[in-house]
Protein chains: 2
Amino acid sequence: MGNEKPRQRRNTRIRQAIIKSAVEIIHHEGVAALSIRRIADAIDYSPASIYEYYANKDAILQAVCEEGFAKLTEALNDYPPQSDIRLATRECGVQYVRFAVSNPDYFLLLFSNMGNQVYRSPEVSFDTQLLNSPAFMVIHTHIQAMIAAGHCVVTPSYGSFQIALSAWQMVHGIAMLALTMQRHGPLDYSVIRATLDAWQRGFAPHGARKELL
Amino acid sequence: MGNEKPRQRRNTRIRQAIIKSAVEIIHHEGVAALSIRRIADAIDYSPASIYEYYANKDAILQAVCEEGFAKLTEALNDYPPQSDIRLATRECGVQYVRFAVSNPDYFLLLFSNMGNQVYRSPEVSFDTQLLNSPAFMVIHTHIQAMIAAGHCVVTPSYGSFQIALSAWQMVHGIAMLALTMQRHGPLDYSVIRATLDAWQRGFAPHGARKELL
DNA sequence: TCAAAAAACCGAACATTGTTCAATAAATAT
DNA sequence: ATATTTATTGAACAATGTTCGGTTTTTTGA
């Protein structure tokens, strides 16, 4: 691999430059400031040339989102090692919120365009589609470990998938409301940890209530 | 009250017509289809005239959001009477999700513009700002009743406010992910109810685990 | 009642957006 | 070296939010 024609290499290099400048514009000035002409300026091309590499603005945003989801997946694993699976799972959730609040416009963009992103092929079920999404896989793996360690009770109608989805919904709600409401003023991560502890307790087996940390 | 000058009445009537047509456009064709010229067409005015009633498009969207939050607050109480506070609280959460999925663009708009909506005056703390928001008050009231009935454990650092916020975060996450991912295909509300039950269990006192319904 | 003042309304324009297309410049193939 | 394919662009189009000067309508006050 890696030995394509020079033309191919130039093509992909320019494509990368396009989405790189797009990401930078979004990060520094918000998604509202992103325009084809801004990108063209940044990479010293004419606006019309951009359309030689991406069909339209939406295609660019989609590429930006793909990279965004990859970065999010990375971030989910970027926490110090923990002694207990429950703590690790909790910190994974904290990382989700942290990523959101440190890349607000980026994060919001991810989940505005996600409809086109993930669930694009209606022939594949929502569940399998999700289970193949790397970001969800990280969460799902944590939940499976929790179940294996006896920290989560599963029922026939509510298994590891549902629990993982619930975990995602929980951290996503925390992140979203933090972004749209608490944007001013810093977050109290100890409260967030307490919230995630409560979430875990909801799935813990009866009688298991010893406190962590 | 109600006996203002005719000019005042006309003024407010036109203002109402503007946001009413805006709501309809959003509801039928999505927020992307909303433009000043579309509104002007709908109410038989010129585009320029709109600016006699609202400073700019953002001001219109803000007015739409205010109405949206009022409708959301209404919807939160629009469920059949329940025998148990826990069931009522759960149905309130279901209503939140229901409102979101039956008014997707509307709902997404609410929480894109919410930064400007609620937390606008930095001198008032986030907590008191939230506690004065009607939609949050509905949730908070439910949680207070749950606490009073002994279904929720409170600690010095995690009281009714934090629990209510957590409840909002939970349902908001469910709604948001449903909107951006499960937009195709209907929701399984029995799974959502199970999720909300698990959430409640997380705050239930030790040893209280009898199943509801 | 009727002129003056104020308010409401609109046509035309401006700047900015995404996007297209014919024409030109560059790269590649023969 | 020439023909052909590819890359690039300037200019234009339509749609957007918004402004402004002027015109029409309404209210005011004598």
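In what follows, chains carry the letters A, B, and so on, assigned in the order in which the sequence lines appear, proteins first and then strands, with residues in each chain numbered from 1. Only heavy atoms go into these numbers, but all of them, side chains included; no hydrogens, no water, no symmetry mates.
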Task: Aromatic ring proximity, centroids under 6.0 angstrom, B/F136 and B/F69 - done: no
Open item on the list: Rounding to an integer number of Å, can you tell me how far A/D41 CG sits from C/dT16 P?
Closed with: 12 Å
Task: Check: B/S166/A/W199 side-chain N/O donor and acceptor closer than 3.5 Å - done: no
Task: Interatomic distance where CG belongs to A/D44 and C1' belongs to D/dT9 [whole Å] - done: 14 Å
Task: Test item: B/T180 and A/S112 side chains (from C-beta on) under 4.5 Å apart, heavy atoms - done: no
Task: Nearest-nucleotide pick for B/A48, side chain only, options being D/dT9, C/dG11, D/dT18 - done: C/dG11
Open item on the list: Counting the benzene-type ring for Trp, do B/F111 and B/H172 have ring centres under 6.0 Å apart?
Closed with: yes
Task: Rounded interatomic separation in angstrom, taking OH from A/Y54 and P from C/dT19 - done: 14 Å
TODO: Determine: side-chain N/O of B/Y45 to OP1/OP2 of C/dC10, distance under 4.0 Å, yes or no.
DONE: no
TODO: Give the rounded distance in Å between these two atoms: CD of A/Q8 and C1' of C/dT28.
DONE: 14 Å
TODO: Measure centre to centre between the rings of B/Y96 and B/Y79, then say whether the value is under 6.0 Å.
DONE: no
Open item on the list: At 4.0 Å (heavy atoms only), tell me whether A/I50 reaches a base, stays on the sugar-phosphate, or touches nothing.
Closed with: nothing
Task: A/R7, nearest nucleotide to its side chain (from C/dC10, C/dT28, D/dG10) - done: C/dT28
- [ ] Compare the minimum distances between each of C/dA8, C/dG11, D/dT9 and the side chain of B/Y53, then state the nucleotide with the smallest one.
- [x] C/dA8
TODO: Looking only at side-chain atoms of A/I36, point me to the closest of C/dG18, D/dT27, D/dT8.
DONE: C/dG18
Open item on the list: I want to verify a distance call: between D/dT18, C/dA27, D/dT9, whose nearest atom is closest to the A/R10 side chain?
Closed with: C/dA27
- [ ] Report the nucleotide, chosen from C/dG11, C/dG18, D/dT9, that has the shortest atom-to-atom distance to any side-chain atom of A/S35.
- [x] C/dG18
Task: Nearest-angstrom distance from the residue atom CD of A/E52 to P of C/dT24 - done: 17 Å
Open item on the list: Considering every strand and a 4.0 Å limit on heavy-atom distances, what is the contact class for A/R37: base, sugar-phosphate, or nothing?
Closed with: base
- [ ] For the side chain of A/N11, starting at C-beta, report the closest nucleotide among D/dT8, D/dA7, C/dT19.
- [x] D/dA7
Open item on the list: What is the distance, to the nearest angstrom, from the NZ atom on A/K57 to the P atom on D/dT16?
Closed with: 15 Å
Open item on the list: Rounded to whole Å, please give me the gap between CG in B/N56 and P in D/dC20.
Closed with: 14 Å
Open item on the list: Can you see if the side chain of A/S49 gets near the phosphate of D/dT8 - specifically, an N or O under 4.0 Å from OP1 or OP2?
Closed with: no
Open item on the list: By the 4.0 Å heavy-atom rule, please label B/L34 as base, sugar-phosphate, or nothing.
Closed with: sugar-phosphate
Task: Length of the line joining A/I14:CD1 and D/dT6:P, which is rounded to integer Å - done: 15 Å
Task: Options D/dT19, C/dT19, C/dT28, nucleotide nearest the side-chain atoms of B/Y51 - done: D/dT19
